[in-house]
Every structure is written in C-alpha cells, then in structure tokens.
There are 2 protein chains.
Amino acid sequence: MATMQRLQNTGLELFYAQGYYNTSVDDILKKLDLSKGAFYYHFDSKEDYFIQIIQNLLARKIYSTLIEPIEGHDNPLSLITKCFDDAMETAVHNEMDYGCILSNFLTEFNGKNDVIMRHLNEIVTVWEVNLVTTLQKGKFNGYLDRHVDCEAAATFLMSSYFGVRTLMTSEAPSAKKYRFMSQLRQYFKSIEAKPVNF
Amino acid sequence: MATMQRLQNTGLELFYAQGYYNTSVDDILKKLDLSKGAFYYHFDSKEDYFIQIIQNLLARKIYSTLIEPIEGHDNPLSLITKCFDDAMETAVHNEMDYGCILSNFLTEFNGKNDVIMRHLNEIVTVWEVNLVTTLQKGKFNGYLDRHVDCEAAATFLMSSYFGVRTLMTSEAPSAKKYRFMSQLRQYFKSIEAKPVNF
DNA sequence: CTATAAAAAGACCATATGGTCGGATTTACC
DNA sequence: GGTAAATCCGACCATATGGTCTTTTTATAG
C-alpha cells in the first residue's frame, strides 16, 4: 500500500483512539516506521493532514455506516432501527470503543479550529439532509404519521445516536445498547402512521 | 478569593473551552498572573488538579443543573422537560457554548486516563440513579405508563441530552433546541400514563 | 548504464510542556 | 518585634512537539 494511504489510515486510527491534540506526528511515524521527511513530503502540516483524512476516510466511513444503510424504499423507521442496531453492535464487539468518531471530533475541535469544524459540519449536514429526505419519503409513502416534523425527528435521532455512543464507552455498553434500542422503538411507534379508523 | 479556588475555577473554564490536553498549566497561570510555584504548592500534578476540579466544581455543577431540578413530587416528565429546556436555553444564550461539559470530558478521557474516567463515571452514575428513581416514582404516582422500562428511559434521555448538546455547538443551536424539545415531548407523550377506558 | 525526478531519511531547530527546587515574601501567632 | 509556617516566585530541567532542510535512496524512462 502506498505510504500516503498508510499514513492516513494510521492517522485516523490514532486520532480516533487518542484524540488529535494528544497524538503527535511522531507517534504516527513511529507506528509506521517512517521518518519526518516522508510525512512532510506528502502533507503541508498536521492540520492539512487531518483535513485530508476527514475528506478521504471519515466522510466515507460515515457514509457507509450511517447514510447508505438507510437508503431505499422500505419503511425508513425499520431501516434506521437496523442501521443504529448494526452500528452499536459493532461498537459493543469492539473491545476498545471510543464512541462515534464524528461526534468525538466535533467535541474536540469545537471552538478550537474553525477550518476543521467546517469540514466536520459538512459531514454532519450530509447525514442530516439524508435523514430528513428519507423520513419525508417515508411520510409520503405512508410509513410515518403525516403530522411528523421530519427535521425535528432527524435532529432527535442524530442527538440520541451521538449521545448513546458516548454513554456506551463508559460502562455496560451492551446493556446501554439494549435499553436505548427499546426506547428508540417506543419513539418510532409514536411517530409511525396510525391505522385508519373505519 | 483564595488562590486555590481561583485556580480551580479558571482551570474548569479553560479545560472546558480548550480541552484538558490542549490547555497547559502555563495557560492557566498566565490568565491568573500566578507562578509555577503557586500551582505546585497547591496541587501535586496537573492530573491531581483536574481530579479536584471534578470533585469540587464539576460534580456540583451537574447536580445543580441536571439533578436537583428534577427532584420533587410533580410529574417527572414535566420536570425533565423543564430541566432540559432550561439547560439548553442557557447554552443557546451563551455565545460561546462548548456542549455538555460532562459529555465533553467523557469523550476526551475515554481510553486515555482510567483514573479520571472513574471519577467522571461516578458523576454519570449519580445522574442515572436519580433519573431512574424519579421515573419510578413517577410511575408509582400514576404519571407514567406502567409498562415503561425506567432504566431504559433514563439511558435514552441521557443519550439524547448529551448528543443534542454536541449537535448544538456546530450550527443553529436555537433551531436544534426547538426541534429536539418537540420530539422529546412526542416521546414523553408515548410513555405517559394512558387515560383509563370505562 | 545513466539522467532525472519522486520518495524517504534523519539531523537539526525553536518553542512548549509538565514538573522541580531553593529562596523570597507574606501571614498568623506568641 | 520576632519566629515559624504557609504561600508564592521564577529560574531551571528533561523531554516532547511541529516543522525545516540537506542528503540519500529508489524508481523510471531513454
């Protein structure tokens, strides 16, 4: 694999596990047995490096785990349920889980680096737009109650997902997942299309 | 005010705004116009310093904003609604909001410092226990449907609150708050006690 | 084989960091 | 006023950090 790819992959790994500010360029170089020269040949700075990681790896990761799985013409509530369930199951089985990578970086860079924040927010927006669209389509197709505010539902879903991933990192992730999912279904039941009365 | 108090207050401020790893002891000292000697006279290390801040300031802060407001014999769903609304309103009006301080530190220290994580998790547990107790009492008093899983509801509430505070930091906090609250009420409607059929 | 450019090495630099330590200064108390 | 303890100062240290620069290696085309 090309050096540039290895650098980005290992960078994302370490930044996710240890945080951006708590991970030095030397840490990454040591892990790959590379030199400073190799690094600064491919990237202008640590910040430039991270931005490329965001665009090349993080964006795709979020897309493949949170966006693509909810596309389709089925009941969006079922798709979202399965999507969240799968994502959390991966986290549970990952002995070293550090929460939702996107949420973590949002927390780390908020108020500290506007450039990086813009890139992260772009990803958040893509997710949000996709969620809203999916919910609206679901409403149109008769899966959701027609009174549902899809923007609000999307915000609520994103919030709860970010939060539960944070909570899961501290204690009893499996129990947290189970409890979360049960209440997510409860919430979904309250916004799904009501059977028509004859 | 005593030097030790000033150090702790300013420390919490800066750690919240910039993160623990991204804030140096010198940063805090400069802001207070104090010297290294003063700092290391009162604290053994940066870590010891932070732990004292957690116990003296963070724990109280969480208690006064998230725990104490939901104590009482009224409808717990109303109390929680008002508590979250107030907390988020404070965040909205704070031009420089960095999210839920507890959630942020959980994210920053997860997998990096077990000692600090234990202290943070203790606070999380206190909050959780209080939420569960309040909900159970509410069920006993006929405010909640008798089928509600109170542990699950507490997890769901904590998750969504952590998450929405993170989301609010990135864009349109006021809109996010409004949307979140509307869906929180929706969820609450689905777990409140159902009127009895005659 | 050689010329050329891409890729990588690694010594070096300025600055920042957490932490130490001997001494100065302030405070409390007799 | 004198004394001892509490408080604070700031120079100093070892190490770490992001980044630069020159040199060497590697690959590739003619």
Side-chain angles (χ1 to χ4, degrees), chain A residues 1-58 105 108-109 111-117 119-120, chain B residues 1-58 105 108-109 111-117 119-120:
Chain A
M1 189 173 40
T3 301
M4 201 161 166
Q5 299 299 319
R6 297 174 61 217
L7 277 170
Q8 293 191 22
N9 287 327
T10 304
L12 185 60
E13 251 180 65
L14 288 187
F15 287 145
Y16 171 54
Q18 314 181 354
Y20 175 83
Y21 292 111
N22 199 31
T23 303
S24 69
V25 175
D26 283 330
D27 285 343
I28 295 149
L29 262 20
K30 202 179 295 172
K31 183 155 185 181
L32 288 175
D33 206 33
L34 282 174
S35 66
K36 276 274 171 70
F39 183 88
Y40 283 97
Y41 174 77
H42 290 289
F43 306 100
D44 292 340
S45 65
K46 191 186 177 188
E47 179 177 321
D48 165 61
Y49 171 54
F50 187 68
I51 291 175
Q52 294 211 37
I53 290 179
I54 294 177
Q55 295 178 322
N56 295 154
L57 301 182
L58 182 61
F105 286 144
E108 182 162 17
F109 290 106
K112 285 143 226 164
N113 189 316
D114 288 338
V115 181
I116 292 183
M117 275 306 279
H119 285 90
L120 294 173
Chain B
M1 189 172 41
T3 301
M4 201 161 168
Q5 299 300 319
R6 295 174 62 215
L7 277 170
Q8 293 192 21
N9 287 327
T10 304
L12 185 60
E13 252 179 66
L14 289 187
F15 288 145
Y16 172 52
Q18 314 182 354
Y20 175 84
Y21 292 111
N22 198 32
T23 303
S24 70
V25 176
D26 283 331
D27 285 343
I28 294 148
L29 262 20
K30 203 179 296 172
K31 182 155 184 180
L32 288 175
D33 207 31
L34 281 174
S35 67
K36 276 274 172 70
F39 183 88
Y40 282 96
Y41 173 78
H42 290 289
F43 306 100
D44 293 340
S45 64
K46 190 187 178 188
E47 178 177 320
D48 165 62
Y49 171 53
F50 188 68
I51 291 174
Q52 294 211 37
I53 289 178
I54 293 177
Q55 296 177 321
N56 295 152
L57 300 182
L58 182 62
F105 287 144
E108 182 162 16
F109 289 106
K112 285 144 226 164
N113 188 316
D114 289 338
V115 181
I116 291 182
M117 275 307 277
H119 285 90
L120 294 174

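In this text the structure is predicted, and so the values were computed from the model without any measurement. The figures that follow rest on heavy atoms only: side chains count, while hydrogens, waters and symmetry mates do not. Sequence lines set the chain letters: A, B, ... in the order given, protein chains first and strands last, and positions in each chain run from 1.
- A cation-pi geometry, defined here as NZ or CZ lying under 6.0 Å from the six-membered ring centre and within 45° of its normal, does not hold between B:Lys46 and B:Tyr40.
- The nearest whole Å value for the distance from the CD atom in B:Gln18 to the P atom in C:dT17 is 10 Å.
- Look at B:Thr3 and you'll find a side-chain N or O under 4.0 angstrom from OP1 or OP2 of D:dC8.
- Between B:Ser24 and the phosphate of C:dA16, there is no side-chain N or O to OP1/OP2 separation shorter than 4.0 Å.
- Between the OH atom of A:Tyr41 and the P atom of C:dG10 there is a distance of 18 Å, rounded to whole Å.
- Separating the CG atom of B:Asn113 from the P atom of C:dG18 is a distance of 14 Å, rounded to the nearest angstrom.
- Checking C:dG18, C:dA8, D:dC8 against every side-chain atom of B:Val25, the shortest atom distance belongs to C:dG18.
- Side-chain N/O atoms of A:His42 include one lying less than 4.0 angstrom from OP1 or OP2 on C:dA8.
- A:Phe109 has its ring centre less than 6.0 Å from the ring centre of A:Tyr21.
- Separating the NZ atom of A:Lys30 from the P atom of D:dT15 is a distance of 13 Å, rounded to the nearest angstrom.
- Minimum atom distance to the side chain of B:Asp26 is reached by C:dT17, of the listed C:dA8, C:dT17, D:dC8.
- D:dG10 atom P lies 17 Å from atom CZ of B:Phe39, rounded to whole Å.
- Between the A:Asp27 side chain and the A:Ser24 main chain, a donor and an acceptor come within less than 3.5 Å of each other.
- One finds a side-chain N or O of B:Tyr40 lying less than 4.0 angstrom from the OP1 or OP2 phosphate oxygen of C:dG19.
- The side chain of A:Ser35 places no N or O atom within less than 4.0 Å of a non-bridging phosphate oxygen (OP1 or OP2) of C:dG10.
- Rounded to an integer number of Å, the gap from B:Asp48 CG to C:dG18 C1' is 14 Å.
- Between A:Tyr49 and A:Tyr20, the gap from one ring centroid to the other reaches at least 6.0 Å.
- In this structure, B:Asn22 and B:Gln18 approach most closely via the heavy-atom pair CB-O, 3.1 Å.
- Under 4.0 angstrom from either OP1 or OP2 of D:dG18 there lies at least one side-chain N or O belonging to A:Lys46.
- In this entry the distance linking NZ of A:Lys36 with P of C:dA7 reads 21 Å, nearest Å.
- The side-chain contact (heavy atoms from CB on, under 4.5 Å) test with A:Leu7 is passed by exactly one of A:Leu12, A:Val25, A:Leu29: A:Leu29.
- Here the two rings, on A:Phe15 and A:Phe105, have centers that are 6.0 Å apart or farther.
- In this structure, B:Met4 places its CE atom 15 Å from C1' of D:dC8, rounding to the nearest Å.
- Stem regions annotated for DNA chain C: C:1-30 with D:1-30, counting only runs of 3 or more consecutive pairs of Watson-Crick or G-U type with both contacts under 3.5 Å.
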